[in-house]
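We're numbering straight along the sequence, starting at 1.
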Amino acid sequence: METYGLLSLLPPVLAIVLALWTRQVFLSLLLGIASGFLILAGGNPLQGTLDTLGGFVAVFESNYNTEIIIFTLLIGALIALIQRAGGVEGFVNRVLNWLQAKAAKADGKGQRKKVELLAVLTGMLIFVESNISTLTVGTLYRPVTDKLNIPREKLAYIADSTCAPACILIPLNAWGAYVMGLLAEQNVEEPVSMLVGAVAFNFYPMLAIALLVLVILTGRDFGEMKKAETRAKTENKILRDGAVPMIAGDITMMEAKEGAAPKARNMLIPIVALVLLMPVFLIFTGWAPLAEAPNAFFDIINRASGSKSVLYSVCGAILVSMALNKSQGIMGIREMVDVILKGMSGMVPLALLMVFAFALGTLCGDLGTGIYVAEQAKPFLSPALVPALIFIISGFIAFSTGTSWGTFAIMIAIAVPLAQGLDTNVTLAVAAALGGGVFGDHCSPTSDTSIITSMATANDHIDHVRTQLPYALLAGAGATFLYLALGFSGV
């Protein structure tokens with residue numbers, strides 16, 4: 001594949017640096033994308049401008065992109081419905097009453113720890129799909145953490161650090177099927193066994209979760225997160241002044257309809273439906289009645305469409321919420337439609353941001369960014385350094401392109417033959433590629449997972465990236481050290 005050399009790094013690096021520096025994520029992404037199409041146009045500014053517009057339109061040529069964008073809009077509808085029905089208020093009251101009953105003599109710090117650990121456990125248990133995991137954690141716990149004066153940045157950190165790590169460590173989902181397909185393409189004889197074996201060496205997700213739990217238990221934050229915690233405790237501000245939450249304020253603060261009794265089930269039942277429908281639709285979209293081979297679990301998951309499944313699931317959850325509203329006489333059909341449209345309108349900024357992120361990801365593929373980085377690193381690899389360098393390179397590619405799955409596709413195709421050729425542990429190399437992809441994804445402001453996390457927690461997106469980055473870097477450094485140790489020990 002043709003690459004544009006060092007120039008291929010300009011669009012993602014420019015977009016990321018500007019976003020972190022200016023906090024203007026839309027403008028930063030636009031400038032990064034425009035610079036990339038200018039490169040593709042050979043420096044012709046007119047053609048580059050026209051191609052940039054065409055690049056945004058091309059985002060919708062992908063069914064996956066379109067389905068995820070529509071899913072994002074519909075999530076706003078679901079959130080608005082359950083808030084208007086009094087479900088959020090009822091859930092908050094139920095959790096606060098539970099905390100008071102269990103820890104009547106405990107201080108606010110004890111209550112904070114219980115809620116934060118419960119949020120971690122929730123995110124870990126919903127390993128079937130990363131977007132569903134972070135959405136559930138953000139939607140369920142945001143009202144409670146707001147009441148306890150926990151900064152939105154901390155909730156976003158919890159949601160983001162449990163979704164992808166849980167999905168890659170418990171790969172009984174589309175993540176596992178996708179990775180096994182990539183391994184099969186590299187002629188790995190037993191991809192299931194290799195993936196299971198790689199879990200034991202996938203250090204970054206383990207360290208990310210362990211560090212998160214340690215921070216919660218000790219209450220010792222650092223970096224930008226410490227400033228956010230101090231602000232919340234001393235100034236009672238869950239968001240910094242000037243922050244722009246990734247969801248419209250009238251959606252996050254929508255009050256229950258007058259006369260609607262606050263009932264937790266009006267929130268929990270639709271959310272549970274959302275979670276339970278996901279595996280149902282994974283099976284539905286992956287089932288092949290005319291398949292020659294039996295419909296084994298991993299075969300079904302391998303054929304399943306994750307984007308269609310999350311879209312169908314949220315539609316089902318909306319119907320469940322509407323049925324609850326109608327059965328209790330809270331809202332009529334016309335009023336619910338108005339609430340749905342209002343909820344969707346609140347998600348338009350996020351949908352636009354995802355269009356920008358998808359456009360940048362496609363552009364990086366056209367420029368050969370990931371391939372260039374990987375090829376440049378090959379001459380410096382030695383058998384002992386292979387696992388650590390694969391982890392670092394994977395992290396940089398995911399950070400630059402904003403996609404862990406795209407990184408898996410690039411790096412597994414390099415890691416497997418490279419490890420075989422240098423007589424390095426192939427399972428260890430695969431684990432390093434997978435962990436590096438998640439690591440870079442956690443650090444990148446253009447990651448769709450990070451964007452959805454900011455949306456689910458109603459947090460300023462750049463604030464989420466800046467506060468999570470030190471923790472991700474610390475866990476990444478720990479993983480690098482472990483890969484170096486194992487590489488030199490000859491494991």
Side-chain angles (χ1 to χ4, degrees), residues 1-66 68-69 349 351-381 389 392-414 418 436-437 440-441 443-448 450-451 461-462 465:
M1 174 184 175
E2 181 187 0
T3 66
Y4 285 77
L6 196 60
L7 283 176
S8 67
L9 297 177
L10 178 62
V13 171
L14 179 63
I16 290 167
V17 170
L18 287 177
L20 294 174
W21 178 39
T22 67
R23 296 181 187 265
Q24 299 294 322
V25 66
F26 284 102
L27 179 60
S28 301
L29 283 170
L30 177 60
L31 291 175
I33 292 167
S35 70
F37 280 107
L38 184 62
I39 293 169
L40 289 174
N44 186 323
L46 177 59
Q47 189 62 49
T49 301
L50 296 176
D51 289 346
T52 299
L53 296 174
F56 290 121
V57 175
V59 167
F60 296 94
E61 294 177 0
S62 164
N63 290 341
Y64 171 85
N65 292 348
T66 304
I68 291 297
I69 291 168
L352 287 174
L353 181 56
M354 298 197 75
V355 171
F356 277 62
F358 286 142
L360 180 61
T362 302
L363 176 65
C364 288
D366 294 339
L367 290 169
T369 304
I371 299 296
Y372 170 74
V373 172
E375 287 180 347
Q376 292 303 304
K378 276 185 180 180
F380 304 101
L381 295 178
L389 288 178
I392 293 171
I393 296 165
S394 295
F396 183 76
I397 292 174
F399 178 78
S400 301
T401 61
T403 168
S404 55
W405 281 35
T407 300
F408 297 162
I410 294 170
M411 288 306 299
I412 286 180
I414 294 171
L418 186 65
D441 192 70
C443 298
S444 176
T446 64
S447 160
D448 58 343
S450 295
I451 292 170
H461 181 53
I462 299 302
V465 175

Name all residues meeting the side-chain contact (heavy atoms from CB on, under 4.5 Å) criterion together with Ser447; count only those two or more places apart in sequence or in a different chain, and write none if there are none. Asp441, Ser444, Thr449, Ser450
Does a side-chain heavy-atom distance below 4.5 Å link Tyr4 with Leu40? yes
Heavy-atom pair with the smallest gap, counting every atom of Pro11 and Leu363: CB-CD2, 4.1 Å
Minimum side-chain heavy-atom gap Val59-Thr362 below 4.5 Å: no
Any side-chain hydrogen bond (donor to acceptor under 3.5 Å, both in side chains) involving residues 33-51? Give me the pairs, sequence neighbours left out, ordered by first then second residue. Gln47-Asp51
Given side chains that start at C-beta, do those of Leu27 and Leu18 come closer than 4.5 Å, heavy atoms only? no
Could you report the tightest heavy-atom contact between Pro12 and Ser400, atom names first, then the distance? CB-O, 2.8 Å
Any chance you could measure Leu53, atom CG, to Ile33, atom CD1, to the nearest 0.5 Å? 11.0 Å
Testing the basics here: between Gly437 and Ser394, what is the closest heavy-atom pair and its distance to 0.1 Å? N-CB, 3.8 Å
Name all residues meeting the ring pair (Phe, Tyr, Trp, His ring centres under 6.0 Å) criterion together with Phe56; count only those two or more places apart in sequence or in a different chain, and write none if there are none. Phe356
Rounded to the nearest 0.5 Å, how far does CG of Leu46 lie from CG of Leu38? 11.0 Å
Do Pro445 and Phe399 have side-chain heavy atoms sitting under 4.5 Å apart? yes
Is it the case that the side chain of Thr407 and the backbone of Ala398 share a donor-acceptor pair, with hydrogens and angles ignored and the cut-off at 3.5 Å? yes
Please report the shortest heavy-atom distance between Ile451 and Thr446, naming the atom on each side. CD1-O, 4.1 Å
